[in-house]
Visitor: 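Would you mind keeping the following structure in view while I ask a few things?
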Amino acid sequence: MVTSLALCFDAPMQSWGTRSRGVIRDTTSEPTKSGVVGLIAAALGISREDDHAIAELARLRLAVRVDREGILERDFHTTQNVPTTKGTGHRTVVSERYYLADALFLVVLQGDERLLSRIASAVDRPHWPIFFGRRAFVPARPLLPPSGGPVVSTAEDLLAREPWLETSKTVRDIELSKGDRVDLRTVVDCPATDKRAEVRHDHPVSLAEGRRRFATRTVLVEQVSLTDSMITTGDSSCS
């Protein structure tokens with residue numbers, strides 16, 4: 001049986017970088033696999049030096065539904081008294097750091113039921129603090145609802161039927177009144193043989209300090225319809 005676990009990633013700010021070295025720190029428009037694995041590892045209390053445990057988490061299939069596209073924002077960090085490359089003085093370095101504001105994601109993991117059950121328990125009571133890309137970017141609400149947990153389902157089926165995570169009743173009522181709604185973007189792990197596959201260089205091989213390594217994975221970018229049944233009138237599933 002195929003088992004999946006649905007999580008809610010909601011925060012005022014999130015950052016999912018793939019090229020975050022030097023003075024420019026980027027973010028993608030949805031959670032990366034390395035970022036999701038790192039968050040889960042922190043919740044489980046897995047050391048970033050434990051390559052075997054990180055590899056086990058990375059084998060989980062990842063699927064993301066974008067319930068609210070984030071707004072790309074940028075801030076600046078200034079570091080003073082940075083030694084020059086010649087060692088003859090100091091300088092001030094300004095770095096640009098990008099992040100998503102007001103983004104909302106349904107993140108689905110598909111794989112071993114026992115591992116998913118451990119993850120469900122861990123995100124409710126994390127071993128170490130969890131955050132969305134930066135330590136200051138903490139969740140705005142629980143990742144898992146009180147009744148949440150692994151279910152027998154494919155990741156694609158969950159993306160197509162899980163309630164919309166939008167919490168604003170005004171926004172939900174507006175969407176219910178629309179006859180023609182905008183579909184929700186999805187990004188799902190897929191075989192490299194799929195002709196529609198896109199490449200992402202964010203599959204963690206090692207997250208150890210000083211020797212981080214990443215491999216490529218392939219994803220399918222599609223859309224699912226925002227149906228009446230997904231726009232529930234009560235609280236959303238992760239609130």
Side-chain angles (χ1 to χ4, degrees), residues 1-9 14-20 26-41 51-70 100 103-120 123 132-133 143-144 148-165 181-207 212-227 230 237-238:
M1 293 186 296
V2 177
T3 307
S4 298
L5 174 68
L7 302 172
C8 172
F9 281 23
Q14 304 184 38
S15 183
W16 305 102
T18 57
R19 298 183 300 274
S20 296
D26 74 332
T27 183
T28 58
S29 55
E30 70 279 332
T32 59
K33 190 155 199 178
S34 56
V36 173
V37 167
L39 181 149
I40 294 170
D51 290 349
H52 178 76
I54 294 298
E56 182 183 21
L57 296 179
R59 282 193 292 270
L60 292 169
R61 189 163 178 245
L62 175 65
V64 176
R65 190 183 76 197
V66 184
D67 280 16
R68 189 192 306 133
E69 296 280 0
L100 299 174
L104 178 60
F105 305 103
L106 175 72
V107 174
V108 178
L109 301 169
Q110 178 183 307
D112 180 72
E113 181 181 5
R114 289 172 296 180
L115 177 56
L116 294 178
S117 295
R118 287 175 53 211
I119 293 171
V123 296
F132 298 143
L143 273 65
L144 195 70
V151 295
V152 177
S153 174
T154 65
E156 288 89 345
D157 285 345
L158 280 187
L159 295 183
R161 73 167 188 259
E162 276 290 297
W164 192 33
L165 299 178
R181 301 184 189 119
V182 176
D183 292 337
L184 304 177
R185 183 167 59 90
T186 61
V187 182
V188 183
D189 281 351
C190 74
T193 53
D194 193 313
K195 294 181 180 180
R196 300 165 297 169
E198 298 181 15
V199 174
R200 298 285 193 274
H201 190 72
D202 63 357
H203 184 97
V205 176
S206 175
L207 296 179
R212 296 183 184 184
R213 290 184 295 125
F214 304 92
T216 57
R217 65 182 174 113
T218 47
V219 301
L220 194 59
V221 180
E222 292 187 309
Q223 296 177 328
V224 295
S225 298
L226 180 57
T227 64
M230 291 164 62
S237 63
C238 289

Visitor: Which value, rounded to the nearest 0.5 Å, describes the distance between Leu100 atom CG and Arg68 atom CZ?
Guide: 12.0 Å

Visitor: Output, in order, the C-alpha distance, side-chain angles, deciding distance and verdict of side chain to side chain contact (heavy atoms under 4.5 Å, CB included) for Phe214 and Thr18.
Guide: CA-CA 10 Å; Phe214 304 92; Thr18 57; over 6 Å; no

Visitor: Give a yes or no on whether the backbone of Val221 and the side-chain of Glu198 come within a donor-acceptor separation of less than 3.5 Å.
Guide: no

Visitor: Using a cut-off of 6.0 Å, state whether more than 12 heavy atoms not belonging to Glu113 lie near its atom CD.
Guide: no

Visitor: How far apart are the closest heavy atoms of Val107 and Pro31, and which atoms are they?
Guide: CG2-CG, 4.2 Å

Visitor: With no hydrogens and no angle check, just 3.5 Å: does a side-chain donor-acceptor pair link Asp202 and Ser34?
Guide: no

Visitor: So, taking the atom named CG in Leu220 and the one named OG1 in Thr186, what distance separates them when rounded to the nearest 0.5 Å?
Guide: 7.0 Å

Visitor: Heavy-atom distance under 4.5 Å between the side chains of Asp157 and Val2, does that happen here?
Guide: no

Visitor: Looking only at heavy atoms, what is the nearest atom pair of Leu158 and Ser4, with distance?
Guide: CD1-CB, 3.6 Å

Visitor: Specify the closest pair of heavy atoms between Arg65 and Leu165, including all atoms of both residues, with the distance to one decimal.
Guide: NH2-N, 4.3 Å

Visitor: Can you name the ring-ring contact (aromatic ring centres under 6.0 Å, His included) partners of Phe9, sequence neighbours left out?
Guide: Trp16, Phe132

Visitor: Side chains of Arg161 and Thr227: closer than 4.5 Å at any heavy-atom pair?
Guide: no

Visitor: Looking only at non-hydrogen atoms, find the nearest pair between Thr28 and Glu30 and report the distance.
Guide: OG1-O, 2.7 Å

Visitor: Answer yes or no: is there a side-chain heavy-atom contact under 4.5 Å between Cys190 and Arg196?
Guide: no

Visitor: Do Leu5 and Ser117 come within less than 4.5 Å of each other through their side chains, counting heavy atoms only?
Guide: no

Visitor: How many angstroms lie between NE2 in His203 and CZ in Arg213, if you round to the nearest 0.5 Å?
Guide: 11.0 Å

Visitor: Between Leu144 and Ala120, what is the shortest heavy-atom contact and its length?
Guide: CD2-O, 3.5 Å

Visitor: Is there a side-chain contact between Ser225 and Arg181 (heavy atoms, below 4.5 Å)?
Guide: no

Visitor: For Leu60 versus Asp189, what's the shortest heavy-atom pair and its separation?
Guide: O-OD2, 4.0 Å

Visitor: Rounded at 0.5 Å granularity, tell me how far CG in Leu57 sits from CG in Leu62.
Guide: 12.0 Å

Visitor: Please assess Val188 against Glu222 for the test side chain to side chain contact (heavy atoms under 4.5 Å, CB included), listing each intermediate value before the final yes or no.
Guide: CA-CA 8 Å; Val188 183; Glu222 292 187 309; over 6 Å; no

Visitor: Would you check if Leu109 and Val36 make a side-chain contact, meaning some heavy-atom pair closer than 4.5 Å?
Guide: yes

Visitor: Hey, what do you get for CG (Asp67) to CG (Leu159), rounding to the nearest 0.5 Å?
Guide: 9.5 Å

Visitor: Is there side-chain contact between Asp194 and Thr218, with at least one heavy-atom pair below 4.5 Å?
Guide: no

Visitor: Does the Lys33 side chain pair with the main chain of Pro204, one donor and one acceptor, at a distance under 3.5 Å?
Guide: no

Visitor: Look up atom CD in Glu162 and atom CG in Leu7, then write down how far apart they are to the nearest 0.5 Å.
Guide: 10.0 Å

